[in-house]
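Numbers here simply count residues along the sequence, with the first being 1.
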Amino acid sequence: KLLAWHAREGRHDLPWQHPRSAYRVWLSEIMLQQTQVRTVIPYFENFLKRFPNLPALAEAPEQDVMQAWAGLGYYSRARNLHKTAQLCMQVHGGDLPNDFDALVALPGIGRSTAGAILSQAHGGRYAIVDGNVKRVLTRFFAIEGDAASAATGKRLWALAESLLPNTRMADYSQAIMDLGATICTRSKPACTRCPLAADCLALQKDKVMCFPERKAARKIPQREKFMLVIISKAGEILLERRAD
């Protein structure tokens, strides 16, 4: 259902999709962290003009990399891009490795980013669990508990991996991210247009907006203090007593 929906309504014209090289997918995934697609696209295109491939990025001075990133925020992402490019030149023959463990060992590449690179650039059977995918999974399966907790995260990863198709991994990875970004959104989800609506447990329970659950805000403790202060007419403190 998800792949059929993506063929009809998914995003097929994103600049990092043509071609889906490991370098372009990696760059887009790092830029898309905490940043919306419409914001990323012009930065991605300009960055690619200045640094069209991994060797060009590795050879560039850090100042040039930071200048190309200026305005996108979360500047540690740009520094990690530069460091990773240099490490790939030194250790991996001038390209991103196509091995999962080798990828996650590089600066700024976590489990989900590595999965995105391997599934989209190489067709590897690896899951992605970014914010959009978490939202889709927690709603579809009505998963209770803090979505940011280690226990819930472990469950989400197990589910994501169990759902992977045997073919069309690049399309599937893009499809589940697109569903979260365009249909199963944080606010005002378009459930009537969702291809998975018939089986969505959160929708069946009329609790879509209850998922994903967030950690309850910590209650701020309140304390009372009593103080006695006697001040002379001249403003001198004559007596001060505190009681807890």
Side-chain angles (χ1 to χ4, degrees), residues 29-40 43 62-63 65-67 69-84 104-116 127-160 177 179-191 200-244:
E29 285 296 314
I30 300 302
M31 286 188 167
L32 286 165
Q33 292 171 3
Q34 307 295 320
T35 312
Q36 294 185 342
V37 167
R38 64 174 177 269
T39 301
V40 164
Y43 278 94
E62 183 180 289
Q63 183 179 353
V65 177
M66 300 307 293
Q67 184 181 32
W69 194 273
L72 199 53
Y74 301 97
Y75 291 95
S76 62
R77 294 183 295 173
R79 294 187 184 92
N80 284 332
L81 275 172
H82 196 218
K83 290 176 185 175
T84 289
V104 296
L106 294 167
I109 297 182
R111 185 176 180 181
S112 191
T113 301
I128 297 175
V129 183
D130 65 358
N132 287 318
V133 176
K134 282 183 180 180
R135 190 162 55 253
V136 170
L137 293 178
T138 54
R139 287 175 174 171
F140 187 81
F141 292 101
I143 296 174
E144 298 179 350
D146 177 15
S149 70
T152 305
K154 184 177 180 180
R155 185 178 177 189
L156 289 171
W157 273 104
L159 279 170
M177 289 190 291
L179 189 72
T182 64
I183 300 292
C184 194
T185 51
R186 184 178 294 131
S187 60
K188 299 180 180 178
C191 297
C200 178
L201 294 183
L203 185 60
Q204 291 174 14
K205 297 177 180 182
D206 195 23
K207 296 177 65 175
V208 171
M209 296 309 296
C210 296
F211 299 97
E213 290 187 8
R214 292 171 179 81
K215 185 178 181 180
R218 181 175 174 268
K219 187 176 180 179
I220 300 174
Q222 296 183 354
R223 297 187 180 92
E224 288 185 336
K225 298 283 186 178
F226 298 93
M227 179 183 294
L228 171 65
V229 181
I230 300 175
I231 304 175
S232 70
K233 291 182 179 180
E236 180 184 358
I237 296 177
L238 302 177
L239 177 68
E240 180 178 339
R241 292 286 186 271
R242 298 172 187 266
D244 292 337

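Residues L137 and A160 approach most closely at CD1-CB, 4.0 Å, considering heavy atoms. Nearest heavy-atom pair across A142 and L201 is CB-CB, 3.7 Å. When all heavy atoms of P212 and A147 are compared, the closest pair comes out as CB-CB, 3.7 Å. Counting all heavy atoms, side chain and backbone alike, A127 lies closest to W157 at O-CZ3, 3.7 Å. Heavy-atom minimum distance, L32 versus Q36: CD2-C, 4.3 Å.
Counting only heavy atoms from C-beta outward, the side chains of L81 and W69 approach each other to under 4.5 Å. Side-chain contact between I143 and L156 is present, with heavy atoms from C-beta onward closer than 4.5 Å. Contact of the T39 side chain with the L72 side chain is registered, since non-hydrogen atoms from C-beta on lie closer than 4.5 Å. Residues R79 and M66 are in side-chain contact: their nearest non-hydrogen atoms beyond the backbone lie under 4.5 Å apart. The side-chain heavy atoms of R139 and M209, taken from C-beta on, include a pair separated by under 4.5 Å.
When atom types are taken as modelled, the side chain of T35 and the backbone of Q33 share a donor-acceptor pair closer than 3.5 angstrom.
Rounding to the nearest 0.5 Å places CD of Q63 at 11.5 Å from NE2 of H82. Expressed to the nearest 0.5 Å, how far SG of C200 lies from NZ of K205 amounts to 10.0 Å.
For residues 128-138, the pairs satisfying side chain to side chain donor-acceptor pair (under 3.5 Å) are N132-R135, with sequence neighbours left out.
Surrounding OH of Y74 are at most 12 heavy atoms belonging to other residues, nucleotides or ligands under 6.0 Å away.
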Just distance, no hydrogens or angles: give the donor-acceptor pairs under 3.5 Å from side chains in residues 105-113, sequence neighbours left out.
unit_1, atom_1, unit_2, atom_2, d
R111, NH2, E161, OE2, 3.2
S112, OG, V129, N, 3.1

